[in-house]
Amino acid sequence: MTAYVRYESEGRACWGVVDDEVVAELAAPPFAGEARTGRRLPLERVRLLAPTTPSKVIAVGLNYRSHLGERNAPTEPGLFAKLPSSIVGPETPIRIPLDARTVHAEGELVLVIGRTAHHVRREDVHHHIFGVTAGNDVSERDWQRDDLQWLRAKGSDSFGPLGPRIVTGAGWDDLRLRTRLNGQVVQDARTSDLIFSVPEIVAYASRYFTLLPGDVIYTGTPGTTASLSPGDRVEVEVEGVGVLANPVEAGR
């Protein structure tokens, strides 16, 4: 497996590949191949950013039976969109809008597209996925229930934490996913429990949207989700990827 990051160095955003806790800078995003500049920095000395800058942020709802409650299992992936401006990186605060009342964390495995995908067959999906990362599909439940669409509930600024790295070669069909709130585990599942598998999700989404390199798909959250309040700290851990940690603050 190989790990890629985006990070801030000397006031600019850079791409890099991680080698033994050292970041080797890349001249361009790695989706078409690595081009190293020769510059290297200790990983601990850089500030990590969200590991991709997607043109589209797609998500799947109700994709674990443990999250269905009394609802019937869906017959097709339930897709919705988050705004690219909702994406934030590790340690960037999740800011709760002042009029929000019920904000929940949703830990998820996130797919990162590496090759343009349009009407992709399930058996070819692996050619189009660059890697996986961890994500938090932050959601305002009252807005999700009452608004015409989920735009506010899912797409508000900072409602899409992503990171800390993209890992290639991970076995996305069976990875452990855990969410911790203030150190306590509130979600614990394996991606083998997904109702719709990774190939099914990407093939289905690519019927309707052309997926571009760097685009992401949040694959769904398991179990019961936890409510967030200012002062909290939420961590999403995906096996082999690492821990995506974000503090929670009151917004403006």
Side-chain angles (χ1 to χ4, degrees), residues 1-5 17-18 20-21 43 48 50-52 57-69 73-74 77-78 82 87-92 94 104-114 122 125-126 128-139 159-202 205 216-228 232-248:
M1 295 191 295
T2 304
Y4 295 92
V5 294
V17 58
V18 179
D20 296 326
E21 299 304 308
L43 184 61
L48 293 181
T52 182
V57 182
I58 297 171
V60 185
L62 303 177
N63 202 21
Y64 286 86
R65 295 187 187 279
S66 60
H67 191 61
L68 290 176
K82 296 172 74 74
I87 297 295
V88 294
E91 298 298 341
T92 300
I94 297 166
H104 281 207
E106 295 190 8
E108 310 201 5
L109 173 75
V110 178
L111 313 176
V112 182
I113 300 299
R122 291 181 190 177
V125 161
H126 65 282
H128 298 267
I129 296 176
F130 180 73
V132 298
T133 189
N136 187 345
D137 175 23
V138 180
S139 307
F159 275 24
L162 203 63
R165 59 187 72 191
I166 303 170
V167 173
T168 63
W172 58 62
D173 55 341
D174 189 22
L175 297 174
R176 191 177 185 184
L177 166 68
R178 284 179 290 182
T179 306
R180 290 183 288 271
L181 180 61
N182 301 323
Q184 179 180 353
V185 175
V186 292
Q187 291 178 299
D188 192 346
R190 300 197 72 88
T191 58
S192 54
D193 296 329
L194 287 167
I195 296 172
F196 298 102
S197 67
V198 166
E200 289 176 298
I201 293 168
V202 176
V216 297
I217 302 178
Y218 286 65
T219 59
T221 201
T224 302
T225 58
S227 182
L228 300 178
D232 286 342
R233 182 175 178 83
V234 60
E235 298 173 327
V236 179
E237 182 175 6
V238 172
E239 182 181 356
V241 172
V243 178
L244 168 66
N246 299 88
V248 183

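It should be emphasised that the depicted structure is a prediction, and the values quoted were computed from it without experimental measurement. Numbers for residues simply follow the sequence, beginning at 1. Worth knowing before you read on, the calculation uses all heavy atoms, side chains too, and leaves out hydrogens, waters and symmetry mates.
Looking at Thr133, its side chain does come within 3.5 Å of a backbone N or O of Gly163 through a donor-acceptor pair. Using a distance-only test at 3.5 Å, with no hydrogens or angles considered, no donor-acceptor pair links the side chain of Tyr4 to the main chain of Thr168. A donor-acceptor pair under 3.5 Å links the side-chain atoms of Thr191 to the main chain of Leu175, judged by distance alone. Looking only at distances, a side-chain donor or acceptor of Lys82 sits under 3.5 Å from a matching main-chain atom of Phe159. Side-chain N or O atoms of Ser66 include none that pairs as donor or acceptor with a backbone N or O of Pro222 at under 3.5 Å.
Using a 4.5 Å heavy-atom cutoff, the side chains of Val110 and Asp137 are not in contact. When side chains are defined from C-beta on, Ile166 does not count as touching Thr2, because their heavy atoms never get closer than 4.5 Å. In this structure the side chain of Phe196 never reaches within 4.5 angstrom of the side chain of Thr219, judged on heavy atoms.
Considering all non-hydrogen atoms of both residues, Tyr64 and Ala189 come closest at CE2-CB, 4.3 Å. In terms of heavy atoms, Ala134 sits closest to Val238 at CB-CG2, 3.7 Å. Nearest heavy atoms, Pro77 versus Val60: CB-CG1, 4.2 Å. In terms of heavy atoms, Leu181 sits closest to Ser227 at CD2-O, 3.5 Å. The shortest heavy-atom contact between Pro164 and Leu244 is CD-N, 4.0 Å.
With sequence neighbours left out, the side-chain contact (heavy atoms from CB on, under 4.5 Å) criterion links Val88 to Thr92, Ser158, Pro161, Asn246. Residues passing the side-chain hydrogen bond (donor to acceptor under 3.5 Å, both in side chains) test with Arg122: none are found, sequence neighbours excluded. With sequence neighbours excluded, the residues forming a side-chain hydrogen bond (donor to acceptor under 3.5 Å, both in side chains) with Asn182 are Asp232, listed by chain and number. Here Glu237 pairs with Arg178, Arg180 under the salt bridge (Lys or Arg N to Asp or Glu O under 4.0 Å) rule; sequence neighbours left out. Every residue two or more places apart in sequence or in another chain that forms a side-chain contact (heavy atoms from CB on, under 4.5 Å) with Leu62 is listed here: His67, Leu68, Arg71.
Atom OG1 of residue Thr179 and atom CG of residue Asn136 lie 7.0 Å apart, to the nearest 0.5 angstrom. Atoms CH2 and CD1, on Trp172 and Ile129 in that order, are 4.0 Å from each other to the nearest 0.5 Å. One finds the CD1 atom of Ile201 at 8.5 Å from the CG atom of Leu109 (value rounded to the nearest 0.5 Å). Here the CD atom belonging to Gln184 is positioned 12.5 Å from the CD atom belonging to Glu235, to the nearest 0.5 angstrom. Rounded to the nearest 0.5 Å, atoms CG (Leu194) and CD (Glu108) are 9.5 Å apart.
Results of the side-chain contact (heavy atoms from CB on, under 4.5 Å) test with Leu111 over Val216, Val125, Val132 single out Val132 as the only residue that passes. Between Thr221 and the options His104, Glu106, Gln187, a side-chain hydrogen bond (donor to acceptor under 3.5 Å, both in side chains) holds for only Gln187.
Applying the salt bridge (Lys or Arg N to Asp or Glu O under 4.0 Å) definition to pairs two or more places apart or across chains, those involving residues 162-174 are Asp174-Arg190.
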